[in-house]
Every structure is written in structure tokens, then in C-alpha cells.
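Inspection log for the structure reproduced underneath, given as C-alpha cells.
The structure presented is a predicted model; accordingly, all values stated were derived computationally and were not measured.
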Amino acid sequence: MEIRTASMKDVDAIIELSSQLCINEHNFYDNTVDIHFPKNYQGKFKRNMRNGFGLVIVAIDFGNIEGYLIGSISKTEDYRNIDKIAEIDSMFVKPNFRSQGVGIMFVNQFIEWAKAQAKRVKVVVSAKNNRGIKFYRKAGFIDHEIVLEMKI
């Protein structure tokens with residue numbers, strides 16, 4: 001398995017995997033997730049990649065993209081005493097490649113990239129996604145905030 005920076009030729013495969021992620025999120029954890037978001041957002045995603053906005057990395061096995069991570073640096077809320085934070089915006093590994101170290105390789109590479117730009121890294125995981133929460137905790141993330149929502 002090779003982890004490398006994504007190129008423009010990888011965009012369609014990343015969009016397809018991102019679609020799978022959104023469908024899973026919608027079906028199992030949060031039915032407000034727009035399953036069409038990756039395809040509707042692809043123009044902005046392509047512009048961001050061309051402009052070098054954030055980090056997009058892929059896992060390659062025998063020439064096939066088996067997973068991706070998209071991360072960025074953003075401003076923090078005004079009440080925080082740090083001005084920037086690195087965020088894992090989206091990550092997906094195909095089911096048959098999970099539990100083989102791909103996800104932790106993604107996270108570690110993202111953290112190394114982010115160190116020069118921010119002091120903290122965050123990731124948002126659906127509260128019902130126990131597997132995802134367990135993975136990120138094992139990778140060293142700790143509970144920091146709890147976001148509560150109410151359907152009205």
C-alpha cells in the first residue's frame with residue numbers, strides 16, 4: 001500500500017469514495033447528510049486542489065485508489081486563544097482495506113503536514129459512529145467538545 005499526495009487525475013475516484021462515505025453516513029448515522037454533496041461540490045473541490053488548498057492524500061494498491069483523506073487549515077472561533085486549527089475534513093477507506101493500518105497512515109501524514117501550520121488537529125465524527133470514534137481515539141484524539149442538536 002502506497003500513500004501519496006493526490007493529483008488531478010485522482011479526483012473522480014476520490015469523488016466516488018466520498019459519495020460512498022456520504023451514503024454510509026446518511027444511511028447509518030445522520031440522515032441529514034446530503035448523499036449528492038460530493039458530486040455537487042466537485043467543481044469547488046477541483047479548484048481547491050489546483051490551488052493547493054489543504055492536503056489530499058490517497059492510498060494506492062495495485063494502481064487502484066482504496067482510500068483518501070482530505071484535510072485543511074482553518075481559523076478557529078473567536079473565543080479560542082489559537083488562531084488556526086488543522087481539520088480532517090473527510091476520510092474514507094474501502095471496507096476490505098480497513099484494519100490494515102491505512103487510516104493511521106493517513107492520520108499520521110496529515111499531522112506531519114499540519115505541524116508547520118497549526119497547533120491542534122480536529123476531526124468531526126458522527127456520535128453514533130462507534131467504530132470511527134474508537135479509531136480516532138486510538139490514533140490519539142481526545143474528546144474535546146460535544147455538539148448537541150435538536151430536531152424541530
Side-chain angles (χ1 to χ4, degrees), residues 1-76 82-142 144-145 147:
M1 183 73 58
E2 171 196 0
I3 306 293
R4 66 163 170 77
T5 301
S7 69
M8 290 305 293
K9 68 181 175 73
D10 301 323
V11 169
D12 290 339
I14 293 168
I15 301 259
E16 179 57 38
L17 292 176
S18 184
S19 293
Q20 290 179 39
L21 173 65
C22 287
I23 289 167
N24 288 349
E25 283 289 313
H26 178 89
N27 290 342
F28 298 111
Y29 308 120
D30 180 1
N31 66 3
T32 69
V33 171
D34 179 2
I35 62 172
H36 304 291
F37 174 76
K39 291 191 189 314
N40 293 338
Y41 181 76
Q42 66 182 313
K44 185 174 181 183
F45 175 65
K46 288 176 182 178
R47 281 190 303 278
N48 287 345
M49 276 198 59
R50 276 190 213 99
N51 296 332
F53 176 76
L55 178 70
V56 183
I57 51 180
V58 291
I60 307 293
D61 189 58
F62 293 103
N64 297 313
I65 295 177
E66 306 297 352
Y68 74 90
L69 178 144
I70 300 170
S72 62
I73 306 295
S74 59
K75 292 184 63 97
T76 59
I82 57 174
D83 60 340
K84 291 188 275 184
I85 193 160
E87 181 169 3
I88 296 172
D89 299 310
S90 180
M91 183 174 84
F92 184 80
V93 177
K94 287 182 180 177
N96 54 325
F97 286 89
R98 294 180 186 160
S99 300
Q100 296 181 28
V102 177
I104 198 68
M105 287 190 287
F106 278 150
V107 169
N108 289 339
Q109 189 165 334
F110 179 72
I111 290 169
E112 285 305 309
W113 172 83
K115 280 181 181 178
Q117 304 172 74
K119 292 185 171 74
R120 296 189 82 152
V121 176
K122 78 175 189 175
V123 62
V124 176
V125 183
S126 295
K128 295 178 183 177
N129 185 350
N130 293 323
R131 183 179 175 134
I133 292 167
K134 183 178 177 182
F135 166 79
Y136 285 112
R137 284 180 177 155
K138 187 175 179 182
F141 287 81
I142 59 169
H144 178 70
E145 292 179 309
V147 177

With [X], which residues qualify under side-chain hydrogen bond (donor to acceptor under 3.5 Å, both in side chains), at least two apart?
X: Asn24; value: none
X: Arg120; value: none
X: Thr5; value: none

Heavy-atom pair with the smallest gap, counting every atom of [X] and [Y]:
X: Ala139; Y: Ile104; value: CB-CD1, 3.5 Å
X: Val121; Y: Ala114; value: CG2-CB, 4.4 Å
X: Ile35; Y: His26; value: CG2-CB, 3.5 Å
X: Asp30; Y: Ser126; value: CB-OG, 4.5 Å
X: Asp34; Y: Pro38; value: O-CD, 4.3 Å

Query raised in the report: Taking only residues two or more places apart in sequence, or in another chain, which ones meet Glu112 in a salt bridge (Lys or Arg N to Asp or Glu O under 4.0 Å)?
Result: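 Testing Glu112 for salt bridge (Lys or Arg N to Asp or Glu O under 4.0 Å), a comparison that skips the adjacent residues, returns Lys115.
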
Can you check whether [X] reaches [Y] side chain to side chain, under 4.5 Å on heavy atoms?
X: Glu87; Y: Phe110; value: no
X: Arg131; Y: Ser99; value: yes
X: Ile73; Y: Trp113; value: yes
X: Phe45; Y: Ile14; value: yes
X: Met1; Y: Phe97; value: yes
X: Gln20; Y: Ile23; value: no
X: Ile85; Y: Ser74; value: yes

Rounded to the nearest 0.5 Å, what's the gap from [atom1] on [X] to [atom2] on [Y]? Could you check?
X: Ile15; Y: Phe37; atom1: CD1; atom2: CZ; result: 9.0 Å
X: Glu25; Y: Thr32; atom1: CD; atom2: OG1; result: 9.5 Å
X: Gln109; Y: Ile3; atom1: CD; atom2: CD1; result: 7.0 Å

Query raised in the report: Hey, is the main chain of Ile70 close enough, under 3.5 Å, to the side chain of Ser90 for a donor-acceptor pair?
Result: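 Answer holds: no.
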
Query - Atom NE2 of His36: over 12 foreign heavy atoms under 6.0 Å - result: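 For His36, atom NE2 is not crowded (no more than 12 foreign heavy atoms under 6.0 Å).
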
Report task. Report the C-alpha separation of Leu21 and Tyr68 in whole Å, then their side-chain angles, then the decisive distance to 0.1 Å, and conclude whether the side-chain contact (heavy atoms from CB on, under 4.5 Å) test is met. Result -> CA-CA 11 Å; Leu21 173 65; Tyr68 74 90; 3.6 Å; yes

Report task. Sequence neighbours left out, what passes ring pair (Phe, Tyr, Trp, His ring centres under 6.0 Å) with Tyr136? Give chain and number order. Result ->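 Result, ring pair (Phe, Tyr, Trp, His ring centres under 6.0 Å) vs Tyr136: Phe141.
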
Under 3.5 Å, which donor-acceptor pairs link side chains of residues 46-66 to any protein atom two or more places apart or in another chain?
residue, atom, partner, partner atom, Å
Arg47, NH1, Gly43, O, 3.4
Asn51, ND2, Arg47, O, 3.2
Glu66, OE1, Lys94, NZ, 3.2

